[in-house]
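Computed from a predicted model, the values in this text were never measured in an experiment. Values below: every heavy atom of this structure, side chains too, minus hydrogens, waters and symmetry copies.
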There are 2 protein chains.
Amino acid sequence: MREKNIDEVYLFQLEKAFKQFRKYKNGIFKERGIDITSDQWILLKRIHEEEGINQTDLARKAFKEPASVTRILDIMQKKGLVERHVVADNRREYQLFTSAEGKKLVEKLLPLAREIRATGTAGFTKTEVDQLHRLLERVFYNFNQ
Amino acid sequence: MREKNIDEVYLFQLEKAFKQFRKYKNGIFKERGIDITSDQWILLKRIHEEEGINQTDLARKAFKEPASVTRILDIMQKKGLVERHVVADNRREYQLFTSAEGKKLVEKLLPLAREIRATGTAGFTKTEVDQLHRLLERVFYNFNQ
DNA sequence: GTAAGTTTGTTGATATATCAATAATTGGCA
DNA sequence: TGCCAATTATTGATATATCAACAAACTTAC
């Protein structure tokens, strides 16, 4: 049997879709003059959803490595978007909070994020979006065994 | 309307599936003692499919930036997996070839790659794999406008 | 109460992604 | 022919991913 050409491989399509999404998102931020990256936005939104979260939990929930989270937070802290607060009864960890500026940015970006999600599934029925979601969950599950 | 929690967002699931796939693949290579990364393998396989391809075409077909291709090839060239040949009638570009060692590695990895693809869609019907592929194509298309 | 193990976060090294700038070469065209 | 534009590859800067090693703080078991 002939080896599949890589174009036909669903995993290559998965990679293409993800990369194109990231490019699109970064492009939208840039074109609106918003100085934030796709990954910084993920963390900012997460912290906003759960103010006071620590880095380990943040990493797990955002599906990032703790080391990456450390570095992305360093950048966002320099930009004044987030704050690390020491915890009274535990000197190992930080509680993370969005700054006032961070909160403003979240409010600005939430509708944009909604638009971006809608763009990706333009022309999809609700059923198709669910189908895609469930199929991706199963792929994730299969690779997570 | 409440803002969607990021877990529910299909785009987050897309990212998770892709990252988990990459981790799984890198893990398999590592566990078999094969000194190659997921991305190096993509390029190696592509060159093997089209010996003599130049970097621009390789970048387009592998869906990578030319700058990334330059650097990944540098690494693979050092490892002795690929060769850059000068072209007689065009001193700007190189023709890329897999080395003898590169070819051996391709033969070793092709069945592994097939297994990895199968792992990702374990429990899928053929229809579901096609469905996933087509849905991803449409997401890509939507973000590529 | 202390030693051993665990948790939390950081850092270093390496690989890849992206954008911008650049060098070298080639092609088109007046 | 000679200049300008396009092509090909590289490099620099910055951001992120991954793994390993580590330090500090905390927890557990004895």
TODO: Begin with the C-alpha distance, continue with both residues' side-chain angles, and end with the deciding distance and a verdict on salt bridge (charged side-chain N to carboxylate O under 4.0 Å, His left out) for Glu49(A) and Lys61(A).
DONE: CA-CA 11 Å; Glu49(A) 281 170 3; Lys61(A) 292 190 178 175; over 6 Å; no
Task: Test log, rule salt bridge (charged side-chain N to carboxylate O under 4.0 Å, His left out), inputs Arg84(A) and Asp74(A) - done: CA-CA 10 Å; Arg84(A) 284 173 164 114; Asp74(A) 286 348; 2.9 Å; yes
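When each of dT16(C), dA17(D), dT10(C) is scored by its nearest atom to the side-chain atoms of Ile72(A), the top-ranked nucleotide is dA17(D). Proximity note for Lys64(A) (side chain, C-beta onward) versus dT10(D), dT18(C), dA17(D): the nearest is dA17(D). When distances are taken from the side chain of Lys30(A) to each of dC19(C), dA17(D), dT8(D), the shortest belongs to dC19(C). Closest to the side chain of Thr56(A), out of dG9(C), dA17(D), dT10(D), is dG9(C). Set against dA15(D), dT18(C), dC19(D), the side chain of Ala67(A) has dC19(D) as its closest nucleotide. Side-chain proximity of Thr70(A) to the nucleotides dG9(C), dT16(D), dT10(D) is greatest for dG9(C).
The phosphate of dT18(C) has OP1 or OP2 within less than 4.0 Å of a side-chain N or O from Arg22(A). Proximity of Gln55(B) to the phosphate of dT7(D): no side-chain N or O atom is located under 4.0 Å from OP1 or OP2. When the side-chain nitrogen and oxygen atoms of Lys19(A) are compared with OP1 and OP2 of dA17(C), one or more of them lie within a distance under 4.0 Å. The side chain of Ser68(B) places no N or O atom within less than 4.0 Å of a non-bridging phosphate oxygen (OP1 or OP2) of dT18(C).
dT14(C) atom P lies 13 Å from atom CG of Asp35(B), rounded to whole Å. Atom CZ in Arg60(A) sits about 15 Å away from atom C1' in dG9(C), given to the nearest Å. Rounded to an integer number of Å, the gap from Asn26(A) CG to dA17(C) P is 14 Å. When rounded to the nearest whole Å, the span between NZ of Lys25(A) and C1' of dA15(D) equals 14 Å. As rounded to whole Å, 12 Å separates atom P of dG12(C) from atom CG of Asp74(A). Regarding Phe29(A), its CZ atom lies at a distance of 15 Å from the C1' atom of dA15(D), rounded to whole Å. Here the P atom of nucleotide dT18(D) and the CD atom of Gln20(B) are 9 Å apart, to the nearest Å. Residue Leu43(A) contributes atom CG, which lies 8 Å from atom P of dT16(D) at whole-angstrom precision.
Side-chain atoms of Tyr94(B) never come within 3.5 Å of backbone atoms of Glu83(B) as a donor-acceptor pair (strictly under, hydrogens ignored).
Follow the hydrophobic side-chain contacts under 4.5 Å out from Leu110(B) and you reach Leu11(A) in the same cluster.
With respect to the salt-bridge test (charged N to carboxylate O, under 4.0 angstrom), the residues Glu65(A) and Lys23(B) qualify. No salt bridge links Asp57(A) with Arg46(A); every basic N to acidic carboxylate O contact stays at or beyond 4.0 Å.
Each of Gly27(B) and Ile75(A) lies near DNA chain D, and the nucleotide nearest Ile75(A) is the one positioned closer to the 5' end. Judged by closest nucleotide on DNA chain C, Lys79(B) is the one of Lys79(B) and Arg71(B) placed further toward the 5' end.
Two residues are said to be in side-chain contact when any heavy atoms from C-beta on lie closer than 4.5 Å; Leu105(B) and Gln40(B) fail this criterion.
Taking Phe140(A) as the reference, Phe63(A) meet the ring-ring contact (aromatic ring centres under 6.0 Å, His included) condition, with sequence neighbours excluded.
A heavy atom closer than 4.0 Å to some atom of DNA chain D occurs in Arg92(B), Glu93(B), Tyr94(B), these being the qualifying members of residues 87-95 of chain B.
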